[in-house]
Q: 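Next up is a structure, given as structure tokens.
All residue numbers in this chain count up from 1 along the given sequence.
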Amino acid sequence: MGINLFSATETTAFGASNHLPGTFRTLPVIELASVCINLTLFLVFIFIVSARQVVLCFGRIHSLKDELTRSSAAIRHRDGEAIRNIVIGKDYKASVFCCFYVLFIQILVLGFDGVGLILREVKNSDWAVILLPAAQSLAWFVLSFSVLSCKHRAAEKFPLLLRIWWAASFVICLSTLYADGRGFLSKGSGHLSSHVLANFFVTPPLGFLCFVAARGVTGIQICRNSDLQEPLLLEEEAGCLKVTPYNEASLFSLATLSWLNPLLSTGAKRPLDLKDIPLLAPKDRSKTNYKVLNSNWEKMKAENPQKQPSLAWAILKSFWKEAARNAVFAGLNTLVSYVGPYLISYFVDYLGGKQTYPHEGYVLAGIFFSAKLVETLTTRQWYLGVDILGMHVRSALTAMVFRKGLRISSTARQNHSSGEIVNYMAVDVQRVGDYSWYLHDIWMLPFQIILALAILYKNVGIASVATLIATVISIVATVPVAKIQESYQDKLMAAKDDRMRKTSECLRNMRILKLQAWEDRYRVKLEEMRSVEFKYLRKALYSQAFITFIFWSSPIFVSAITFGTCILLGGQLTAGSVLSALATFRILQEPLRNFPDLVSMMAQTKVSLDRIAEFLQEEELQEDATISLPHGISDVAIEIKNGEFCWDQTSFTPTLSSVEVKVEKGMRVAVCGVVGSGKSSFLSCILGEIPKISGEVRICGSAAYVSQSAWIQSGNIEENILFGSPMDKAKYKSVIHACSLKKDLELFSHGDQTIIGDRGINLSGGQKQRVQLARALYQDADVYLLDDPFSAVDAHTGSELFKEYIMTALGTKTVVFVTHQVEFLPAADLILVLKEGRIIQAGKYDELLQAGTDFSTLVSAHNEAIEAMEFCNLPSQESDNIDPLNMLTLMTKKIDSIGKTNADMAKKKVQEGVSPSDLKAIKEKKKAKRLRKKQLVQEEERERGRVSMKVYLSYMTAAYKGLLIPLIIIAQTLFQVLQIASSWWMAWANPQTVGDKPKTSSMVLILVYMALAFGSSVFVFIRAVLVATFGLAAAQKLFLKMIRTIFRAPMSFFDSTPAGRILNRVSIDQSVVDLDIPFRLGGFASTTIQLLGIVGVMTQVTWQILLLIIPMAIVCLWMQKYYMASSRELVRIVSIQKSPIINLFAESIAGAPTIRGFGQEKRFMKRNLHLLDSFTRPFFCSIAAIEWLCLRMELLSTFVFAFCMVLLVSLPGGKIDPSMAGLAVTYGLNMNARLSRWILSFCKLENKIISIERIHQYCHIPSEAPILIDNSRPRPSWPEEGTIELIDLKVRYKESLPVVLHGVSCVFPGGKKIGIVGRTGSGKSTMIQALFRLIEPTAGRIIIDNIDISTIGLHDLRNRLSIIPQDPTLFEGTIRGNLDPLGEHSDQEIWQALDKSQLGEIVREKELKLDTPVIENGDNWSVGQRQLVSLGRALLKQARILVLDEATASVDSATDNLIQKIIRTEFKDCTVCTIAHRIPTVIDSDLVLVLSDGRVAEFDTPGRLLEDNSSMFLKLVSEYSTRSNGDF
């Protein structure tokens, strides 16, 4: 219809229009009817809504209290239980689409007609034209959102008013269509207008809506089945029951982000905690996103198994809706951002006195303001949207990597270390998530270029073609740079992986590094790895500086080419066209400058996606490796038919071959054999862990597995035992009893609530093993697979465990146990003897003994050891040489300690007399008190309040004492001054209007402009190079300081700090310092100077603007302070919540066989999802808070800009230079973007600087004693004799923890063999740690050969002592590197050590000999073999004092006897301290020290102790003998 919809003759055909007053006479009757009907229905709608509110309010006031309670309860019951699930049908979706489509068309017509009126002379009568589209837009706005509200109200029928409105609209549409048809026939194409076209395009959707109105059904189905929806994670619900208000926020609340107000208000009053942060909406939770992405990934893998699936495509398929929704905001934002540059030329013309219609200045000011307002609102929604999209992708990918880590096969696992897998999650997943910021740049860049070219064509004509060519050249120039960047990124990531793998290994094995005094050597290795990483980091940062220079120069290059071409072609530039072009270039500058980031980010993301995809496609454990049958289906519990298995599938010799086993239900099966015969592999084949080459494995019922190397989770003892099962008090007590844990728990000040350190660091070897056994027993499985469970416990505990655990608690279960303890074999129903991966004998004990061969060899080795015990009943001849005075002192000590023990016993008996109810009350009080006491492992520390200025200063002075900072600021200031000068020059030198004379020649104009512009880009290059140089130096200095401090930290730090926390700092926080902070600091400085430049230009033209800018600055600073109170704490919580995810990752990957053995993958997956949500909750609030602040800042600057525009329009003509006013507007257009970027860069800098704060914490860890003390160094030959004196030694692990050793005093004479025995947890290993000064004594002294060890350097001490520790440790590398990491010995010496430690033949058989690889944790060598490597290390070191801490626990009796003979021969002149649970290992010692509860119980020769009937040692020997005879 439009302005020429009906001619005058047609109008008179509807006679009534002649009687209409004023402007309405020009409107056709149908249009007028449409306006009236729509406005009437709108008023009815408003009346109904208002009336409903009044009735509700009235009802609340007058209804009775009990009725209200009943009705509300009924409603709650109805809503909560009946309506459980809502299904949205296609009809409803189509209705919503049709409404919004019609609304969009009406707004388009309104905009078109409005702009048409503005751009030509307007008569009063013409304004009536926009009346119809305005009324229609209002009506359809109400209709569209009324339809949307039906979904929230779960309405099954549309409201009656809505249906009448749709029907009336369709009738009007048909009538108009008929009138338009007649007009078209009479006038032809002259009748066409915006209204005619709009009516034609809305007819089909209105027809559909009329049909829907007739039916009345919405298409929303409500399912009332209460079982449809399962609850989400229970553990998440427990902490915080409120879901984020974002989930159900109104449109206004979403647009203004005011749903965040309650949280920010809390944060302003006090520091926020995790419990203050609401839960995520179900659609934002990790579980939801993981399920979507995983199903798409699996679908793609299934569709074409031969083709490699694309992870990027799977992500796009999963999250395309979010991306598309975001694209709408991005597109709209781009569109309105070009409104300002387009209209600047009109504005300059208007100020120059060229007015085209009345009030043109105010109309232009209004359009400028509206465009900036829309730009501000869409920017915030767009940015929040990309952050949420990135958050969803990160959660889903992290969960997928975790799940894969639990399922990956052993062969594939060798290609990915724990450190690498942690890196996939910590670095690669993060990078893929961050790419969401760049997602729309791919299509937005061409869109922006097209819009820019259209504006430039209007201003400079055909010269815009030169702009296009220059832009293309700028973009193409980045391709080679991008390739260089990608190669640097690849190398940087690979170097980071290597460093993280080695760091992870060092942290895991820090105890052995300190015991062997190797920590400096491994720290240097790490520093060398960092220097390789640093080399690529330097290249990456300097290439980034070069890219920055190119892309700050590219807009200047493009503008110079454009203006130059225009002048050469003879076109005349005016101030208006130049300013319009400059504003366009400034907007184009952003995407062009972001293009290198886009290319670089695409390269980085591709690398990360490829790495993750490669890991996700690794081989998983064979699904058919074992056939699991339900419990009770068969009497055969385990059956292996013709099994052949191999860890390394490329190897020709299988690990296990010709395995034929049938285990009946309830049988006890023992597996024995020499070291490396394949015993652990046999259990692995039952679990399905080892790749199956052929055969069949069946297992009936559920399984529980106890590994040889104890795997303990972080958490308390109770959580480790329950392992996800619900607490059953009676069952729990019986498990504690069966595993002999009751006494241990009493010794702990927190009982079973004691938090276990990283990898069970604060438990002894025996305690860890028994916690593992308790975990297995509590699961109440059908089949138990136990890998050498008694090796780490003493004789008494071992026999008690066998009796209570295997014979009683598991009496009715099927048990397969690997053991080296021959004494347990007679009780087995079936014994399997393995040799070189084959079952060479199977049968009962007596049958196998009669058969002879290998089994009888094992038994005879054990019998030899028992016989060796008998000769000790005679007094030892050597005992006569021991100083009797010393012995007297020691016997006195023994009596004292026995006295104390008796007193303790009496105390206990008194307590036993207390009534059960009193005992219960005491226990509860004690428990509450215990929980308040400090544990070994504390919550991760975090600073509170503002980031200290010291942190900023420490960073800024870290490189070149801060001298580069002023140079960076000067370079940036000069850049900004030259930029403004170049713009000012172009505005001043060009004529005001087309006819005016230019102030300079064309050549001077362009040369001065180019000199100023390119001069500014040189300073950008200088700034970028200075920032990169500063960042590199500071990052390296902080890294070296942190790593050196960590390696010098006392062992107590590693005991109480989970490795995940340290890895978090050396991985994520260090990455932030390397790549993020220098640029954040440089960016903040540059944005501050740019903002000052904009304000300067604007105040130069209209000084009155200062009246607004000063209060605005005060409000901005207040808001920023209000926001930062919450933001800082949110970022700190985010950093802390990241560590548990990394910890669970590392822990779960290490214990994957145990987790799979118990079938607990789902629970761990659920735990991981819960931790991800705990991390995402504060992260989501943190990103929303940034947008909340930016929105308010930008709105303020938009109003300041509008005020400036109105001022310029209001000033009388000639009072102001139009070109300068235009320059002010050009810069003003950029003000809100700069202001939000300034705030954003400051907030992100403060948030990122928290990484420095966290690194700073680890740069100030208290150090252990000095490595060397120059003025107190022992003689090179020290210790000559090896005499060790312990004087009143008291030791505790931490100030807040109880004393472990209570005044131990004794002397170990030089050159003697000392056996140290005692029950598990009696303090044996603690004494050894004190000897090596891993723990410094609280009181007392240790003297070796007359030197107090506390007076010399740690390396002087530890280098002169040698140890074979309880947990054998191998480092990734080679056998040579493990035996001699410092490179001090020749190959010949290494071979001799290997031969002596019984490994020579095994290593010679390997292809690479001494360079045979050792994988992470030494997993390609058996535990026994690892222990023999530790023996080899000791043989090479040849120290005068040797400590054996359970050194032969993991080897068979024959190998143990052999090792003891080697030690007696090779260390005959040395002091050898042996801690052992096997009595034969210590029975031939010169002296035996018996410890009990951290005190010396006995210390004498074995002969004398065995003569004393009250001796504890005699009791231990008797128990071992009884056990050895199989008497349980």
Q: Kindly say whether Gly433 contributes a backbone atom to a donor-acceptor pair with the side chain of Ser436 at under 3.5 angstrom?
A: yes

Q: Looking at CG of Asp387 and NE2 of His392, how far apart are the two atoms once the value is rounded to the nearest 0.5 Å?
A: 11.0 Å

Q: Are the side chain of Asn289 and the backbone N or O of Ala396 linked by a donor-acceptor pair below 3.5 Å?
A: no

Q: A side-chain contact here means heavy atoms from C-beta on lying under 4.5 Å apart; do Leu293 and Ile315 qualify?
A: yes

Q: With a 3.5 Å cut-off and no angle check, do the side chains of Asn716 and Gln753 form a donor-acceptor pair?
A: yes

Q: What distance do Leu1191 atom CG and Leu260 atom CG have between them, rounded to the nearest 0.5 Å?
A: 11.5 Å

Q: Has the side chain of Asp1076 got a donor or acceptor atom that lies under 3.5 Å from a matching backbone atom of Ser1071?
A: no

Q: Are Thr266 and Asp276 close enough that a side-chain donor and a side-chain acceptor fall under 3.5 Å?
A: no

Q: Test ring-ring contact (aromatic ring centres under 6.0 Å, His included) on Phe402 and Phe1164 and set out the steps.
A: CA-CA 9 Å; Phe402 181 83; Phe1164 273 79; 7.3 Å; no

Q: What distance do Gln1070 atom CD and Leu1075 atom CG have between them, rounded to the nearest 0.5 Å?
A: 9.5 Å

Q: Rounded to the nearest 0.5 Å, what separation is found between the OH atom of Tyr1122 and the CZ atom of Arg1192?
A: 9.5 Å

Q: Would you say the side-chain atoms of Glu322 and Asn326 include a donor-acceptor pair closer than 3.5 Å?
A: no

Q: Just wondering, do Met425 and Gln430 contact through their side chains at under 4.5 Å, heavy atoms?
A: no

Q: Tell me if a side-chain donor or acceptor on Thr376 pairs with a main-chain N or O of Lys372 at a distance below 3.5 Å.
A: yes

Q: Ignoring hydrogens and geometry, is there a side-chain-to-backbone donor-acceptor pair from Arg1177 to Ile277 under 3.5 Å?
A: yes

Q: Would you say Gln381's side chain and Leu254's backbone share a donor-acceptor pair under 3.5 angstrom?
A: yes

Q: Between Arg1132 and Glu1253, is the salt bridge (charged side-chain N to carboxylate O under 4.0 Å, His left out) condition met? List the steps.
A: CA-CA 10 Å; Arg1132 283 173 178 146; Glu1253 184 182 73; 3.1 Å; yes

Q: If you count every heavy atom of other residues, nucleotides or ligands that lies below 6.0 Å from Lys283 atom NZ, does the total exceed 12?
A: yes

Q: Compare every heavy atom of Cys1181 with every heavy atom of Pro278, then report the nearest pair and how far apart it is.
A: CD-SG, 4.5 Å

Q: Side chain of Arg380, backbone of Cys1190: donor and acceptor closer than 3.5 Å?
A: no

Q: Is the backbone of Asp284 close enough, under 3.5 Å, to the side chain of Thr288 for a donor and an acceptor to pair up by distance?
A: no

Q: Report yes or no: is the cationic atom of Arg1163 (NZ for Lys, CZ for Arg) closer than 6.0 Å to the six-membered ring centre of Phe723, at no more than 45° off its axis?
A: yes

Q: For the backbone of Trp259 and the side chain of Ser253, can you confirm whether one donor and one acceptor N or O come within less than 3.5 Å of each other?
A: yes

Q: Main chain of Arg1065, side chain of Arg1254: is a donor-acceptor contact present, judged purely on distance under 3.5 Å?
A: no

Q: Please determine, by modelled atom types, if Ser286 and Tyr290 share a side-chain donor-acceptor pair under 3.5 angstrom.
A: no

